[in-house]
Structure formats: structure tokens, C-alpha cells
Student: 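Below: one structure in C-alpha cells.
Start at 1 and go down the list; that is how both ligands and their atoms are numbered.
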Amino acid sequence: MSRKPRALVTGGAGFIGSHLCERLVSEGYRVFCLDNLITGSPENVAHLLDRDFEFIEQDAIRPINLSEKMDEVYHLASPASPADFSRLPLEILEAGSLGTKNALVLAQAAGARFLLASTSEVYGDPLVHPQPEDYRGNVNQLGVRGVYDEAKRYAEALTMTYHRHHALDTRIARIFNTYGPRMRPDDGRVIPNFIQQALAGKPLSIYGEGTQTRSFQYVDDLTCGLIRLMKSGESHPVNLGNPQELAVREIAGIIIKLSGSKSDIIYEPLPEDDPRRRCPEISRAREVLGWEPRVPVEVGIKHTIEWFARRASLTGTRKDTGGRKKPHEDSRE
Ligand code: UDP
């Protein structure tokens with residue numbers, strides 16, 4: 001009888017990583033989750049511990065030694081929220097550089113396939129719209145967002161180098177805005193902020209005028225895309241995102257409506273280098289993976305509101321810590 005395939009997910013206790021681990025376990029993988037818990041949380045994977053799942057508390061920037069040989073390596077480890085860009089800038093640069101190198105070295109030693117979780121941030125504040133994979137971007141490497149953007153751009157270059165010079169079987173997913181249950185309540189991103197504000201009857205904080213756009217995919221659509229990409233033969237970057245573009249003020253309206261909230265809106269300053277528009281061109285994902293997002297925004301937002309409401313009722317009025325541990329442990333996305 002053939003053995004189960006084995007997958008390593010770095011950053012597996014984070015928001016996206018934990019959903020990916022869950023899906024891989026249910027697809028019959030033996031899953032190893034490596035996370036330093038800097039932004040991930042043990043709660044995110046607690047329900048997997050009695051399955052074919054192993055949790056390893058370790059920073060991906062340290063050499064990774066596993067007792068078993070992997071077939072697939074998903075490298076997600078890195079803080080990923082704009083609020084982390086100023087809080088954890090060196091950790092982000094190291095996760096993208098040293099962390100990616102360590103994950104590539106492990107994949108190569110095992111003869112495993114490697115998938116890099118890259119980002120729409122490689123396009124910066126894009127001058128081409130929507131963004132196809134061959135657009136090279138408009139990144140301010142000196143600004144606060146530059147640590148994340150450049151770390152991921154470097155990670156892409158390193159991944160392509162291993163592909164070209166070491167014949168490693170690699171994939172690069174450029175992940176656009178993703179939302180769903182297990183987003184960190186205190187990560188500062190627009191959807192958790194707006195949902196928690198709406199549920200608490202507080203005003204929703206729109207940065208700038210709210211005319212900037214994003215394209216939001218539900219996390220289940222993304223994990224499906226990541227697994228399809230890993231199984232594909234595509235070594236070029238592939239955008240994974242929802243081409244439905246919404247202005248931030250439209251998102252606020254949807255969340256107020258679906259939560260039945262009476263919250264107002266307050267306007268706050270726009271953060272530095274905040275991209276004005278972001279929308280993926282996904283014809284490559286459609287052609288190569290047969291993939292496109294399926295969960296309508298209203299449906300995904302409703303699930304996410306329900307998750308935050310359940311979480312708030314479980315934690316009561318306890319001051320929220322978002323499940324974060326001390327800085328200088330790690331993980332992400
Ligand atoms: N944003 C906002 N209010 C918030 C949080 C974010 O208006 O409370 C805006 C932010 O300025 C950006 C968009 O929402 O234009 C998405 O921000 P997020 O931090 O979720 O992710 P980003 O796409 O910027 O990485």
C-alpha cells in the first residue's frame with residue numbers, strides 16, 4: 001500500500017496556513033505545520049492535532065530539519081498585515097529571505113515540490129490595471145510597505161533561481177486580498193476592523209475617502225487555488241484573487257448591511273503608499289488551473305461576520321490579544 005503524501009506548511013498556524021493545513025489533511029496528506037507563532041496562533045490548528053498533523057514551533061529563518069521526507073513544501077511563513085509592516089519589519093525581511101532559502105533547501109534535499117506564497121504587493125501601487133502576472137510593478141522600496149513587497153520580490157527571485165539552476169520543481173502564487181474566519185482580530189486589516197466595529201456598534205474607520213479599491217477572495221477559494229497550483233506544472237507566477245473589484249466604502253456598506261449594524265462611518269488618514277487600486281487579472285489561473293473564485297463576497301462576508309460574532313461571545317469582554325505570542329517567535333499570512 002502506498003504511503004500518504006507528506007506536506008510541510010510553513011506559517012501553518014496563521015490565517016491562510018491553518019485553512020491550507022486543514023484542507024490538506026482532509027485530502028489525505030500527512031501535514032507538518034511549522035510556525036513561530038509571532039502572528040499565528042495554536043488555536044488555529046488545535047482541532048487538527050488528533051488528525052495526521054504535526055505542529056512544530058520554530059522560526060523558518062532557522063534551518064529546518066524534519067524527521068520525515070516531504071513531498072510538497074508550501075512556504076507561507078511571514079507576517080503579512082500592513083500593521084505588521086512597521087511592527088515587524090526585520091522579521092518580514094528575514095522570513096522572505098532566510099525563511100524562503102531554508103524552505104527551498106529543505107525542498108531540494110527531499111526532492112519535493114515547492115510553492116511560494118507571494119503576494120499582489122509585488123505590484124506595489126500598480127500603474128497597470130487589472131494586474132497581469134507579467135506586470136513588473138510600482139513598488140516604493142524605501143517606504144514602510146517596502147519591507148513586505150521587497151521581501152516577497154526577493155523570495156520570487158530566489159525561487160526562480162532554484163528552479164533554473166537547481167532544477168527544483170517550483171510554484172509561485174501571487175495572493176490577492178483574502179478574508180475569512182481566523183483572521184487576527186487585531187491585525188488591522190480592513191475586514192476584521194470593519195466587522196468588529198460593526199458588531200460593537202462603533203463607527204467604521206475608512207482610511208482616506210474610501211475610493212481605493214481591493215478585490216477580496218474567500219479563504220476557501222484561495223486554498224483550493226494553492227493546491228491546484230501545487231499539482232499543476234506551472235512554474236511561472238500565478239495570480240490567485242477575486243477579479244470583483246470593490247471600493248473600501250462599498251465594503252463598509254456590505255458589512256454594515258450584513259451585520260444589521262447601525263454603525264456610522266468615520267474618516268481617518270490614508271496610510272503611506274496605500275495602493276489606490278488592486279484587481280487581479282486571472283486568465284492564467286483560469287487556463288492553467290481551471291480555477292476561479294466561487295464564493296460570492298456577500299456569502300463569504302456573512303460566514304466571517306458569524307465567526308467574529310461567535311468569537312466575541314466566547315471571549316466576552318476580555319481584552320483581545322488576537323492569540324498573539326511574544327514578538328520574536330514567528331509565522332504568518
Ligand atoms: N482600510 C480602511 N480602514 C481600516 C483598515 C484598512 O479603510 O480600518 C483600508 C486600507 O487603507 C486599504 C484597504 O482598506 O486601502 C485594505 O487594507 P488592508 O489593510 O486590509 O490590506 P492591504 O490591501 O492594504 O494590504
Side-chain angles (χ1 to χ4, degrees), residues 14-16 39 76 78-89 92 96 117-126 129-131 137-140 143-153 174-180 182-200 202-219 222 239-256 259 261 263-280 297 300-301 304-305 308 320 322 332-333:
F15 157 51
I16 293 172
T39 56
L76 275 62
S78 168
S81 160
D84 299 327
F85 300 167
S86 44
R87 194 175 66 93
L88 300 166
I92 288 172
S118 185
T119 171
S120 55
E121 284 285 320
V122 300
Y123 302 124
D125 187 6
H129 194 79
Q131 294 83 58
N138 177 37
V139 166
N140 174 8
V144 282
R145 295 182 84 103
V147 292
Y148 186 59
D149 305 7
E150 293 298 347
K152 290 292 187 181
R153 290 171 71 94
R174 290 195 181 142
I175 300 173
F176 283 66
N177 292 65
T178 305
Y179 69 96
R182 301 195 204 123
M183 292 189 90
R184 269 156 52 209
D186 64 347
D187 87 347
R189 285 196 249 206
V190 68
I191 289 196
N193 276 7
F194 284 179
I195 290 179
Q196 291 174 104
Q197 289 160 343
L199 291 174
K202 293 184 181 157
L204 273 60
S205 54
I206 289 185
Y207 301 162
E209 294 176 3
T211 51
Q212 70 273 33
T213 65
R214 295 293 186 272
S215 308
F216 292 94
Q217 68 185 328
Y218 190 62
V219 66
L222 172 65
N239 286 339
L240 294 177
N242 189 340
Q244 184 189 357
E245 187 181 0
L246 292 168
V248 164
R249 58 157 69 131
E250 290 179 276
I251 296 290
I254 292 170
I255 290 174
I256 288 177
S259 60
S261 173
S263 290
D264 292 328
I265 302 285
I266 48 166
Y267 291 89
E268 296 183 6
L270 193 65
E272 182 187 323
D273 290 334
D274 198 279
R276 283 159 292 179
R277 300 185 78 181
R278 190 185 285 152
C279 180
V297 165
I301 295 276
T304 312
I305 292 172
F308 273 99
D320 192 57
R332 113 177 274 287
E333 239 126 337

Student: Is the shortest distance from a heavy atom of Arg278 to ligand 1 less than 4.0 Å?
Tutor: yes
Student: Is there a side-chain contact between Pro275 and Arg145 in this structure, where contact means two heavy atoms from C-beta onward sitting under 4.5 Å apart?
Tutor: yes
Student: Quick check on Gly208 - does any of its heavy atoms sit under 4.0 Å from an atom of ligand 1?
Tutor: no
Student: May I ask you to identify, for Pro271, whether its side chain, its backbone, both or neither come under 4.0 Å of ligand 1 on a heavy-atom basis?
Tutor: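 Contact part for Pro271 vs ligand 1: side chain (C-beta onward).
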Student: Using a 4.0 Å cut-off to any heavy atom of Ile206, which atoms of ligand 1 qualify?
Tutor: 7 (O)
Student: Which atoms of ligand 1 are found less than 4.0 Å from any heavy atom of Asn193?
Tutor: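 Selected atoms, number and element: 4 (C), 5 (C), 8 (O).
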Student: Kindly indicate whether the side chain of Ile191, heavy atoms from C-beta on, has any atom under 4.5 Å from the side chain of Arg214.
Tutor: no
Student: Side chains of Pro192 and Arg184: does their closest heavy-atom pair fall under 4.5 Å?
Tutor: no
Student: Does the residue Glu268 have a heavy-atom contact with ligand 1, meaning some pair of atoms that are separated by less than 4.0 Å?
Tutor: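 It does not; every heavy atom stays at 4.0 Å or beyond.
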Student: Polar contacts were defined as any N/O atom of the residue lying under 3.5 Å from an N/O atom of the ligand; does this apply to Val190 and ligand 1?
Tutor: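 Among all N and O atoms of Val190, at least one is under 3.5 Å from an N or O of ligand 1.
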Student: Which is closest to atom 9 (C) of ligand 1 by heavy-atom distance: Arg277, Glu121, Arg189, Gln212?
Tutor: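 Comparing heavy atoms across Arg277, Glu121, Arg189, Gln212, the nearest one to atom 9 (C) of ligand 1 lies in Gln212.
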Student: Check Ser205 against ligand 1 and report side chain, backbone, both or neither, counting heavy atoms closer than 4.0 Å.
Tutor: both
Student: Would you say Gln217 and Thr178 are linked by a side-chain donor-acceptor pair, where the criterion is simply a distance under 3.5 Å?
Tutor: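 Yes, a side-chain donor-acceptor pair sits under 3.5 Å.
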Student: Quick test: of every protein heavy atom, which one is nearest to atom 19 (O) of ligand 1, and how far off is it to 0.1 Å?
Tutor: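 Minimum-distance protein heavy atom for atom 19 (O) of ligand 1 reads Pro82 CG, 3.3 Å.
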Student: Side chains of Ile206 and Phe194, heavy atoms from C-beta outward: is any pair under 4.5 Å?
Tutor: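 Yes; the side chains approach each other to less than 4.5 Å.
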Student: Which bit of Asn177 gets closer than 4.0 Å to ligand 1, counting heavy atoms only: side chain, backbone, both or neither?
Tutor: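 It is the side chain that touches ligand 1; the backbone stays farther off.
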Student: For atom 23 (O) of ligand 1, which of Arg276, Arg145, Arg249, Arg214 has the closest heavy atom?
Tutor: Arg214
Student: Check Asp274 against ligand 1 and report side chain, backbone, both or neither, counting heavy atoms closer than 4.0 Å.
Tutor: side chain
Student: Counting distance only, does the side-chain N/O of Gln197 pair as donor-acceptor with the main-chain N or O of Ser205 below 3.5 Å?
Tutor: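 Between the backbone of Ser205 and the side chain of Gln197 there is a qualifying donor-acceptor contact (under 3.5 Å).
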Student: Quick one: nearest non-hydrogen protein atom to atom 5 (C) of ligand 1, plus distance?
Tutor: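 Residue, atom and distance for the closest contact: Tyr207 CE1, 3.3 Å.
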Student: For Gly188, take its heavy atoms, then give the atoms of ligand 1 lying under 4.0 Å from any of them.
Tutor: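 With Gly188 as reference, the close atoms of ligand 1 come out as 5 (C).
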Student: Do the charged groups of Glu121 and Arg278 touch, with an N to O distance under 4.0 Å?
Tutor: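 A salt bridge links Glu121 with Arg278.
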Student: Given side chains that start at C-beta, do those of Ser118 and Arg174 come closer than 4.5 Å, heavy atoms only?
Tutor: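 Yes - at least one pair of side-chain heavy atoms lies under 4.5 Å apart.
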Student: How far is atom 13 (C) of ligand 1 from the closest protein heavy atom, and which atom is that?
Tutor: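 The protein heavy atom lying closest is Val248 CG2, 3.7 Å.
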Student: Measuring only between side-chain heavy atoms, which start at C-beta, is Val190 closer than 4.5 Å to Phe216?
Tutor: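 They are in contact (side-chain heavy atoms under 4.5 Å apart), so the answer is yes.
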Student: Hey, are Asp84 and Arg189 close enough for a salt bridge, meaning a charged N less than 4.0 Å from a carboxylate O?
Tutor: no
